[in-house]
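Down below is the structure, laid out as structure tokens.
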Amino acid sequence: MSEPSTPFEKAVRYASVSDVGMRRKNNQDSKNLLVSSDEEFWKKRGHLFVVADGMGAHAAGELASKLATDSIPHVYSKDLEKDPITALHHAVITANTTIYQRGQAESEFTGMGTTCSTLLLLPEGAVIAHVGDSRIYRLRKGQFEQLTFDHSLVWEMEAAGKLSGSDTDLHFPKNIITRSLGPSPKVQIDIEGPFPISPGDIFLLCSDGLSGQVSDLEMGAILSSLPPAEAAQLLVDLANLRGGPDNITVVIAQVDHPPVAQTDNGSVEESPPKSRLNIIVLLAFLLIAAVCFALERMQLLENLYLAAIAGIGAVVTAIVTLLQHFEKSATETVPATAPQPLGRGPYRTYACNPTQETVDNFSGISAELRKSVEQIGTEVDWPKFDEYVGDANLSAQKGEFTDSTYHHCQGISFLVAALKSNKESLLASDSHIDLI
Ligand code: CA
């Protein structure tokens, strides 16, 4: 990831990690980021982030996800004739065709497929194109929302009313997906949004290697407490500490200063309404004129000078209002209201501001990890680790749960870094750390 250098790159902080996990030989996940560096491109194409999770024997899954994440940004950025949403849809269709045709051409790739979740941050809001069970979330002011629908057997059956929430946890495998790019010549793509963007919004894209191991509440708490780069690494570490049975991919985009500010309901913020003020002045002039006429009729006023002045004032105000209206119509390039949203997201919403319960959860992870690391015999600077725990406890006592979560996360990351630097002892012990 290179350092952002233009205001349009700096408007968003982003980080990404893709990890093979603890059990697989290959990483079949793939990711790509296309961040606009100049105003013209930002206005036309925004910033694009994509995650794909490939499926298929041997190298097929790897190839399918790579074809998706290479082809979508490329096709989307070249297709400047179309509006961004149409261009994104077209780019995903093209990726499906490319993967399908490659699968047909070579027997070792037959039937290969991939999930694909793409996020566009545009001046008019966030737009998503999505197929499969990778996910896109948004964190805003303590609310963590899943903006995408899982195209999995469990979610489809639940949506059809054939499963209740408790059934889904107990009886059905979660990794059967009902839609993907590549296996068929045609694919149905979910388009979601535009969702309004506010400064401080954090978007998370991930493969099921993360969402299968780390709960939505934990993801929300980590995003609330840590900056993107630290959060991305910790999320991956946590999935690995819990066994890392699958490949894990995380992309985080935090909007700091959107070039177009938007309100919560998706409309673009307007400057104070001049026309309303003009109408008030106009009505005041008309009222004065009417009162003068009335007074003159009642012979309480000798002449109509004041009424004439008020009348002229009213006419001038009316002309100014009309001119301002036409000037505004001619120069306005951003619509006052966002386009009608597509899709039905968000599909799930969680309150995730760190609480005492969050702190207890991360404190428990930290303590269990400590125990496991001690058993393995990894060398660790324990006084340093104890400092993190001490800071976390102090913050919790003051009721500063976000800070406390942050310090516990720092401690966890510190132990994971120690484990990684002493990987040989970990491998020799043939143990992985399964945290609950
Ligand atoms: Ca996966």
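Whatever order the structure lists them in is the order used to number ligands and atoms, beginning at 1. Source: prediction; values computed, not measured.
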Is it true that the side chains of [X] and [Y] contain a donor and an acceptor less than 3.5 Å apart?
{"X": "D53", "Y": "Q28", "result": "no"}
{"X": "D216", "Y": "Y137", "result": "yes"}
{"X": "T249", "Y": "D29", "result": "yes"}
{"X": "S211", "Y": "D208", "result": "no"}

The Ca ion (ligand 1) reached by D29 (N, O or S, under 3.0 Å): no
OD2 (D53) - the Ca ion (ligand 1) - OD2 (D246) angle, nearest 10°: 160°
Of the N, O or S atoms in D208, the one nearest the Ca ion (ligand 1): OD1
